[in-house]
2 protein chains.
Amino acid sequence: MLTTAPPTERDQFSPGTRQLLDRASAYCAAHAGRLTETRRLVLGLITEASKPVGAYDILDHLRSFQKNAAPPTVYRALDFLLAQGLIHRIERLTAFVGCAHRLDCTHEGGCGHRAQFLICSVCGTVSELEEPGIARAIHDAAKAIGFRPSHATVEIEGVCAQCQTR
Amino acid sequence: MLTTAPPTERDQFSPGTRQLLDRASAYCAAHAGRLTETRRLVLGLITEASKPVGAYDILDHLRSFQKNAAPPTVYRALDFLLAQGLIHRIERLTAFVGCAHRLDCTHEGGCGHRAQFLICSVCGTVSELEEPGIARAIHDAAKAIGFRPSHATVEIEGVCAQCQTR
DNA sequence: CGCCTTTAGTTATATTATAACGACGGACAG
DNA sequence: CTGTCCGTCGTTATAATATAACTAAAGGCG
Ligand SMILES: [Zn+2]
Ligand SMILES: [Zn+2]
Ligand SMILES: [Zn+2]
Ligand SMILES: [Zn+2]
């Protein structure tokens, strides 16, 4: 009889996603990290989603690949991907999105990636900005009062262009 | 024998805090809200703290006044205080701070209060900014891509001036 | 192979937040 | 006065998010 092997990413992820995962794998290797099977699956699941996904949503889907996945499985993968800069956490949604820029960053090693996020309250999508003007305004305001910033969370809620036309 | 009455806010809150609570009470009355006893205690506890406080920290302290307080007790008070603009939620800390500006706002009714927060990663204090430059940069960037913003969360992590000198 | 480091499995628990329903009390119309 | 309405609160249970702690396996390397 045929054995019922668990599905692989090949069954579930689009070619575009799998290509991104391959690039991410190379990126990790170049930064002293290993995009292991679990991490790759988690990044793939986040990439395939069109909206931010919660950790337990990821866990549910991950279980279709690995039946014994548990919360630490997901959180460890998320920690790694966050450290590599391959995903972002959206604080206001307690959810995660893929980074739109990291793999295209030309600064080899420690690109100071500072993004802002636009959250559409109608369709739920999140888009990522890299506006130097915002980063500069924040930096200047902090400097003016002697505060040394290390990281800024900027999450803008509103209605996206597409949802305004409906 | 003397009855062991539970402590009142008079026993626990400083005169400055109690004065702020009186002003907040008048503010609520002017905005179709009632600063009830529980809400007043929660706002007082947040005001007395020098750092952001979590909902369950508030609950612990609230129980010294009301022994049967439960999570919904605190969260309902927090929801009210957030709606009135008397406190802010710091997303990155999952904690709450008193608003530094609201009671001084001169716009009667619906002051469009848009603040930014500086979180010191050394001492844990949070200070509130109102930088028009940051708000404008955000608004301009959103407008440029057709996004209509309704609210922006800006939380800047770093080291405060005081902690840098040590 | 033998050793060490990283990664992952497993169980339990911590932390934050909300659902649901009934009771109570003041405001107010009749 | 009295009945109704509505905002508030008490209470119990549960949902949703996240981590601690320990063990086992896997991979890199001399
Ligand atoms: Zn990014
Ligand atoms: Zn939209
Ligand atoms: Zn404020
Ligand atoms: Zn400090």
Side-chain angles (χ1 to χ4, degrees), chain A residues 6 9 24-25 28-46 49 51-84 86-97 124, chain B residues 6 24-25 28-43 45-46 49 51-84 86-97 124:
Chain A
E9 66 165 64
S25 188
C28 290
H31 293 76
R34 293 164 51 207
L35 192 68
T36 61
E37 179 68 12
T38 301
R39 292 166 177 174
R40 185 180 172 106
L41 287 169
V42 169
L43 180 56
L45 289 167
I46 292 172
K51 299 177 183 179
V53 283
Y56 282 75
D57 288 335
I58 294 169
L59 178 56
D60 286 344
H61 289 101
L62 184 61
R63 281 185 164 140
S64 72
F65 296 103
Q66 306 176 178
K67 74 175 202 307
N68 55 353
T73 310
V74 171
Y75 281 101
R76 286 197 277 238
L78 291 172
D79 286 346
F80 172 84
L81 296 170
L82 285 168
Q84 296 285 316
L86 293 169
I87 63 174
H88 296 289
R89 178 188 161 102
I90 308 297
E91 301 290 339
R92 290 193 61 85
L93 304 177
T94 319
F96 303 85
V97 295
Chain B
S25 188
C28 290
H31 293 76
R34 294 164 49 209
L35 192 68
T36 62
E37 179 69 10
T38 299
R39 292 165 177 174
R40 185 179 170 104
L41 287 170
V42 169
L43 180 56
L45 289 168
I46 292 171
K51 299 178 184 179
V53 283
Y56 281 75
D57 287 334
I58 295 170
L59 177 57
D60 286 343
H61 288 102
L62 184 61
R63 282 185 164 139
S64 71
F65 297 103
Q66 305 175 179
K67 75 175 201 306
N68 55 352
T73 311
V74 171
Y75 281 101
R76 285 196 277 237
L78 291 172
D79 286 346
F80 172 84
L81 296 170
L82 286 168
Q84 295 285 317
L86 294 169
I87 63 173
H88 295 290
R89 178 188 161 102
I90 308 298
E91 301 290 339
R92 289 192 62 84
L93 304 177
T94 321
F96 302 85
V97 296

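Below, read A as the first sequence line, B as the second, and so on, with proteins coming before strands; counting in each chain starts at 1.
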Peer 1: How many whole angstroms separate atom CG of B/Asp57 from atom C1' of C/dA17?
Peer 2: 15 Å

Peer 1: Starting from the 5' end of DNA chain D, give me the residue, B/Gly33 or A/Arg89, whose nearest nucleotide shows up first.
Peer 2: B/Gly33

Peer 1: Find the distance B/Leu81:CG to D/dT8:P and express it as a whole number of Å.
Peer 2: 12 Å

Peer 1: Any idea which of C/dT16, D/dA18, D/dC9 is nearest the B/Thr38 side chain?
Peer 2: D/dC9

Peer 1: Evaluate the side-chain proximity of A/Ile58 to A/Leu78: yes if any heavy-atom separation is below 4.5 Å, no if none is.
Peer 2: yes

Peer 1: Run the side-chain contact (heavy atoms from CB on, under 4.5 Å) check on B/Thr73 and B/Asn68 step by step: do they pass?
Peer 2: CA-CA 9 Å; B/Thr73 311; B/Asn68 55 352; over 6 Å; no

Peer 1: Where each residue is assigned the nucleotide of DNA chain C containing its nearest heavy atom, which of A/Pro72 and A/Ala77 is assigned the position nearer the 5′ end?
Peer 2: A/Ala77

Peer 1: Does D/dC9 have OP1 or OP2 under 4.0 Å away from a side-chain N or O of B/Thr36?
Peer 2: yes

Peer 1: For a quick check, tell me whether the side chain of B/Tyr56 and the base of C/dA14 share a donor-acceptor pair closer than 3.5 Å.
Peer 2: no

Peer 1: What is the separation between atom CZ on A/Phe80 and atom C1' on C/dT6, rounded to the nearest whole Å?
Peer 2: 11 Å

Peer 1: Between atom CG in A/Leu78 and atom P in D/dA18, what is the gap in whole Å?
Peer 2: 9 Å

Peer 1: Given atom CG of A/Leu93 and atom P of D/dT17, what is their separation to the nearest angstrom?
Peer 2: 11 Å

Peer 1: Any idea which of D/dT8, C/dG9, C/dA17 is nearest the B/Phe96 side chain?
Peer 2: C/dA17

Peer 1: Which part of the nucleic acid does B/Arg76 contact within heavy-atom distance under 4.0 Å: base, sugar-phosphate only, or nothing?
Peer 2: base

Peer 1: Counting only N and O atoms by type, is there a donor-acceptor contact under 3.5 Å from the side chain of A/Arg92 to the main-chain atoms of B/Glu91?
Peer 2: no

Peer 1: When you measure from the side chain of A/Arg40 to the backbone N and O of A/Leu35, does any donor-acceptor pair fall under 3.5 Å?
Peer 2: no

Peer 1: Is there a side-chain polar atom (N or O) of B/Tyr75 under 4.0 Å from OP1 or OP2 of C/dT18?
Peer 2: no

Peer 1: Ignoring the backbone of A/Ala70, work out which of C/dT11, D/dA18, C/dA17 is nearest its side chain.
Peer 2: C/dT11

Peer 1: Atom CG of B/Leu59 to atom C1' of C/dT18: distance rounded to whole Å?
Peer 2: 14 Å

Peer 1: Quick one: on DNA chain D, does B/Pro71 or B/Glu37 contact a more 5' nucleotide (nearest heavy atom)?
Peer 2: B/Glu37

Peer 1: Starting from P on C/dA23, measure out to CG on B/Asn68 and report it in whole angstrom.
Peer 2: 17 Å

Peer 1: Below 4.0 angstrom from OP1 or OP2 of D/dG28, is there any side-chain N or O of A/Arg34?
Peer 2: no

Peer 1: Shortest non-hydrogen contact from A/Leu45 to A/His61?
Peer 2: CD2-CB, 3.7 Å

Peer 1: Grab the CG-C1' distance between A/Leu62 and C/dG9 for me, whole Å please.
Peer 2: 13 Å

